[in-house]
Amino acid sequence: MQRYFIETTIEEARISGEDARHIERVMRMKEGDKIVVVAQNTAHICEIVAFEADEVHIQTTGEIIPSPELPVHVTVACGLPKGDKLELITQKATELGMFALLPFEAERSIVKWDKKKGAKKQERLQKIAKEAAEQSHRTHIPEIYEPISFKQLLEQVGNFDAVFIADEEDAKADKRTRFAEKLKNLNDKKSKSILIIFGPEGGIARKEADALLQAGAQTMSLGPRILRAETAPLYALSAISYEFE
């Protein structure tokens, strides 16, 4: 069944705009057809009862689908990467259970966020997250934040139960603490929120890594190989999923 998100309660449910047009014109659904409607992070099986202008009227059948969400909220902070890599990270990380995406202006970020075009780009990323959440049958659409400065990122560290940074120097070390072991410790402590931080193509600058470690972050070893900026967050989310699910 097709899945759609709404911002109201299920009792007030109406599907409008682009989603309504998709139901009627693309999917060619009719009255009596069933869809999944996510309201307030709960997935309900609903029945279409009427079409009116650009609105689809629905009613719940009373059946609820269990949530597939990760038991821990994982926010991904990534240094602004080149090209369309941020779109790729948004899409795939949403499929893997990311709770929110927090881009930041890293020292080694080549790309600079265009303030004039920023709102439109952020809107596109949010749409990508919504579509990926629908496709992967999630009950939460990750929030895609406007890029912040590294100083602002540093101020966010205390808001999470645990913070990890992907530092390529750790990958080069002869002795590494396995990320799986650190995640096991978090699971035992029943941590609820994790921030995982990644640099852009050039990685995290040494002074950035030192500042984050002093603020309470830990390094995470993602194996002996150096991963691309768009690959590392997906690796980390997969490891978190393995441990917590």
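Under the 4.5 Å side-chain heavy-atom criterion for grouping Ile, Leu, Val, Met, Phe, Trp and Tyr, V157 is not connected to L186 through any hydrophobic cluster. Hydrophobic clustering, with ILVMFWY side chains joined whenever heavy atoms are under 4.5 angstrom apart, keeps V36 apart from F5. L101 and I204 sit in two unconnected hydrophobic clusters of ILVMFWY residues. Membership requires side-chain heavy atoms under 4.5 Å apart, directly or through other members. A continuous path of hydrophobic side-chain contacts links F164 to V74 [ILVMFWY only; heavy atoms under 4.5 Å]. The hydrophobic clustering, which links ILVMFWY residues whose side-chain heavy atoms are closer than 4.5 Å, places F179 and F198 together.
Proximity of a side-chain donor or acceptor of Q2 to a complementary backbone N or O of V37 within less than 3.5 Å is not detected. In terms of modelled atom types and a separation under 3.5 Å, the side chain of R3 and the main chain of V38 share no donor-acceptor contact. Within the 3.5 Å criterion, the main-chain N or O of L86 finds a donor-acceptor partner in the side chain of T90. In this structure a side-chain-to-backbone donor-acceptor pair under 3.5 Å is missing from N185 to K182. Of the possible donor and acceptor atoms, none in the side chain of S191 sits under 3.5 Å from a partner among the backbone N and O of S193. Put simply, the side chain of Q122 gets close to the backbone of I144: a donor and an acceptor are under 3.5 Å apart. With hydrogens and angles ignored, the 3.5 Å screen pairs no side-chain donor or acceptor of T219 with any backbone N or O of D167.
Salt-bridge formation is not detected for the pair E63/K34: no Lys NZ or Arg NE/NH1/NH2 atom is positioned less than 4.0 Å from an Asp or Glu carboxylate oxygen. Under a 4.0 Å N-O distance rule, the pair D19/K127 does not qualify as a salt bridge. With respect to K207 and E107, a salt bridge is recorded, a charged nitrogen being found less than 4.0 Å from a carboxylate O. We find that K92 and E95 are joined by a salt bridge, their nearest charged nitrogen and carboxylate oxygen being less than 4.0 Å apart. For the pair R124 and E87, the salt-bridge criterion is met [side-chain N within less than 4.0 Å of a carboxylate O].
Pairing each heavy atom of A129 with each of P142, the nearest pair is CB-O, 4.0 Å. Listed here is the closest heavy atom pair of L234 and A93: CD2-N, 3.7 Å. Scanning both residues, A106 and G79, for their nearest heavy atoms gives CB-CA, 4.1 Å. When all heavy atoms are compared, the tightest approach of A100 to Y145 is CB-CE1, 3.8 Å. The two atoms that bring P233 and A229 nearest to each other are CD-O, 3.1 Å, heavy atoms only. In terms of heavy-atom proximity, V111 sits nearest to K82 at CG2-CA, 3.5 Å.
Residues that satisfy the side chain to side chain donor-acceptor pair (under 3.5 Å) test with Q152, not counting sequence neighbours, are S149. Here E245 pairs with nothing under the salt bridge (Lys or Arg N to Asp or Glu O under 4.0 Å) rule; sequence neighbours left out.
Two residues are said to be in side-chain contact when any heavy atoms from C-beta on lie closer than 4.5 Å; Q126 and I141 meet this criterion. Two residues are said to be in side-chain contact when any heavy atoms from C-beta on lie closer than 4.5 Å; T139 and P68 meet this criterion. L195 places a side-chain heavy atom less than 4.5 Å from the side chain of I197. Counting heavy atoms from C-beta outward, I10 and C46 have side chains that approach closer than 4.5 Å. Counting heavy atoms from C-beta outward, L212 and L154 have side chains that approach closer than 4.5 Å. Between D54 and S16 the shortest side-chain heavy-atom distance does not fall below 4.5 Å. Between I15 and I35, the closest side-chain pair of non-hydrogen atoms falls below 4.5 Å.
Expressed to the nearest 0.5 Å, how far CZ of F51 lies from CD1 of I58 amounts to 11.0 Å. Here the CD atom belonging to Q156 is positioned 5.5 Å from the CD1 atom belonging to I148, to the nearest 0.5 angstrom. Atom CG of residue N41 and atom NE2 of residue H140 lie 7.0 Å apart, to the nearest 0.5 angstrom. Atom CE of residue M98 and atom CG of residue L70 lie 11.0 Å apart, to the nearest 0.5 angstrom. The CD atom of E131 sits 11.0 Å away from the OG1 atom of T94 when rounded to the nearest 0.5 Å. Here the straight-line distance linking atom CD of Q40 with atom CD of E7 works out to 11.0 Å at 0.5 Å rounding.
Here the options are I165, I196, I240, the test is side-chain contact (heavy atoms from CB on, under 4.5 Å), and the partner is M220; only I196 passes. Among K130, H22, E134, the one residue that satisfies the side-chain hydrogen bond (donor to acceptor under 3.5 Å, both in side chains) test with Y4 is H22.
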Can you list the steps and then say if T8 with R14 is a side chain to side chain contact (heavy atoms under 4.5 Å, CB included)? CA-CA 8 Å; T8 62; R14 296 283 190 281; over 6 Å; no
Decide side chain to side chain contact (heavy atoms under 4.5 Å, CB included) for E105 and K112; before the verdict, give the C-alpha distance in whole Å, the side-chain angles of both, and the deciding distance to 0.1 Å. CA-CA 7 Å; E105 297 168 348; K112 301 301 178 185; 5.9 Å; no
Apply salt bridge (Lys or Arg N to Asp or Glu O under 4.0 Å) to residues E208 and R108 and explain how you reach the verdict. CA-CA 10 Å; E208 290 174 329; R108 294 175 179 170; over 6 Å; no
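Using bins of under 30°, 30° to 60° and over 60° for the plane-to-plane angle, the ring pair F150/F104 lands in the tilted bin.
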